Novice: 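Quick one: the structure is below, questions incoming.
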Amino acid sequence: MLAVMRHDQRLSDMAGGNNISASPVRRWLLKVIDLLAARAPRLDRALKKLARSGGEVVLIDGTLVRTRRRTGAANRRNYSGKHQVHGLLFLALTDTNGNLLWISAARPGRASEITTARHDKITTRLREAGLGAIGDLGFVGLDDDPDDPVIITGRRATRNHSLTEAQKQATKLISRERAANEHGFADLKNWRILAKVRMNAKHGTTLLRALLVLTTSEVAR
């Protein structure tokens, strides 16, 4: 099963090499994915664990995992106009060193990062754990309490409002601090099965959470 997830080896090739049909190999793969995904941390537990260890800030970002283009109206919502491909949107939280802490459930590719974060009640969970978060410009406006924010983002210039030099410097500093988040996604996407998910998109959530568990185990070794 690791060969499939690490190297994106075709199930038919594995089945042929062992003189069996592809169907049982597919069932075994899905069973392993389900067992691993069950070990993935819940959002509230992941945040509380970080807080108990002395952490103060998490990094939040989203990524699109490409999927096969399938026919039918049901697959249209998986088309991302931003990336111009079909895929599933995931949010991830990492610590300041880029270690993955949590991955959200899959959302259609057309969804936005801020809507996904609101669906998962990110700001509420952060306040409950006493933590803050740093995000990119895709999360501007997410925080529901601007007088006491828990999510810090840069500032975006508009047509009628240019950023001051101080605001530009602050935005650059925030971008530098959240760069570690990209390391977390890089570790995750070392699993080549994520180059383009060929299995049914309904398995996207369990697949990503299973890979989170495997990635965390590898990094901790």
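None of these values were measured; they are calculated from a predicted model. Residue numbers run from 1 in the order of the sequence given.
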Novice: Which ILVMFWY residues are connected to Val150, directly or by a chain of links, through side-chain heavy atoms under 4.5 Å apart?
Specialist: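 Once heavy-atom contacts under 4.5 Å are chained together, Val150 belongs with Leu43, Leu47, Leu50, Val58, Ile60, Leu91, Leu93, Leu101, Trp102, Ile114, Ile122, Leu126, Leu131, Phe139, Leu142, Ile151.
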
Novice: Passes side-chain contact (heavy atoms from CB on, under 4.5 Å), Thr94 versus Leu100? Steps please.
Specialist: CA-CA 4 Å; Thr94 70; Leu100 287 164; 3.8 Å; yes

Novice: Going by the salt bridge (Lys or Arg N to Asp or Glu O under 4.0 Å) test, which pairs reach into residues 18-42, not counting sequence neighbours?
Specialist: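 Salt bridge (Lys or Arg N to Asp or Glu O under 4.0 Å) check on residues 18-42 returns Arg42-Asp44.
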
Novice: Sort and list the pairs that fulfil salt bridge (Lys or Arg N to Asp or Glu O under 4.0 Å) and have at least one residue in residues 99-114, not counting sequence neighbours.
Specialist: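 Every salt bridge (Lys or Arg N to Asp or Glu O under 4.0 Å) pair that includes a residue of residues 99-114, provided the two are not neighbours, is Arg107-Asp120.
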
Novice: I'd like to check the salt bridge (Lys or Arg N to Asp or Glu O under 4.0 Å) partners of Arg52; sequence neighbours left out, ordered by chain and number.
Specialist: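 Arg52 satisfies salt bridge (Lys or Arg N to Asp or Glu O under 4.0 Å) with no residue once adjacent residues are dropped.
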
Novice: Check Ala111 against Leu89 and note the closest heavy-atom contact, atom names and distance.
Specialist: O-CD2, 3.5 Å

Novice: Is it the case that more than 12 heavy atoms not belonging to Arg118 sit under 6.0 Å from its CZ atom?
Specialist: yes

Novice: Going by ring pair (Phe, Tyr, Trp, His ring centres under 6.0 Å), name the pairs with one or both residues in residues 44-69, residues two or more places apart or in two chains.
Specialist: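 For residues 44-69, and leaving out neighbouring residues, there are no ring pair (Phe, Tyr, Trp, His ring centres under 6.0 Å) pairs at all.
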
Novice: For the residue pair Lys189 and Thr63, confirm or rule out a side-chain donor-acceptor distance under 3.5 Å.
Specialist: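 Per modelled atom types, Lys189 and Thr63 side chains form a pair under 3.5 Å.
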
Novice: Please list, chain by chain and in numerical order, all residues satisfying salt bridge (Lys or Arg N to Asp or Glu O under 4.0 Å) with Asp95, sequence neighbours excluded.
Specialist: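 Scan of Asp95 (salt bridge (Lys or Arg N to Asp or Glu O under 4.0 Å), adjacent residues dropped) gives none.
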
Novice: Scan the side chains in residues 169-186 for donor-acceptor partners under 3.5 Å anywhere in the protein, sequence neighbours excluded, and list what turns up.
Specialist:
residue: Gln169; atom: NE2; partner: Glu165; partner atom: OE2; Å: 3.3
residue: Thr171; atom: OG1; partner: Arg155; partner atom: N; Å: 3.1
residue: Thr171; atom: OG1; partner: Gln167; partner atom: O; Å: 2.9
residue: Ser175; atom: OG; partner: Thr171; partner atom: O; Å: 3.0
residue: Arg178; atom: NH2; partner: Asp61; partner atom: OD2; Å: 2.7
residue: Asn181; atom: ND2; partner: Leu59; partner atom: O; Å: 3.2

Novice: Nearest 0.5 angstrom please: Leu214 CG to Asp187 CG, how far?
Specialist: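 Rounded to the nearest 0.5 Å, the CG-CG separation comes out at 12.5 Å.
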
Novice: Report yes if some heavy atom in the side chain of Ile103 is under 4.5 Å from a heavy atom in the side chain of Leu211; otherwise report no.
Specialist: no

Novice: For Glu128, give me all partners under salt bridge (Lys or Arg N to Asp or Glu O under 4.0 Å), at least two apart in sequence or on another chain.
Specialist: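 For Glu128 the salt bridge (Lys or Arg N to Asp or Glu O under 4.0 Å) partners, ignoring immediate neighbours, are Arg125.
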
Novice: Considering only residues two or more places apart or on different chains, which pairs with a residue in residues 61-101 satisfy ring pair (Phe, Tyr, Trp, His ring centres under 6.0 Å)?
Specialist: Tyr79-His86

Novice: Taking only residues two or more places apart in sequence or in another chain, which ones pass salt bridge (Lys or Arg N to Asp or Glu O under 4.0 Å) with Arg209?
Specialist: none

Novice: Kindly give the cluster partners of Leu137, where membership spreads through any ILVMFWY side chain lying under 4.5 Å from a current member.
Specialist: Val140

Novice: Just distance, no hydrogens or angles: give the donor-acceptor pairs under 3.5 Å from side chains in residues 192-201, sequence neighbours left out.
Specialist:
residue: Arg198; atom: NH1; partner: Asp8; partner atom: OD2; Å: 2.6
residue: Arg198; atom: NH1; partner: Lys196; partner atom: O; Å: 3.4
residue: Asn200; atom: OD1; partner: Lys202; partner atom: N; Å: 3.0

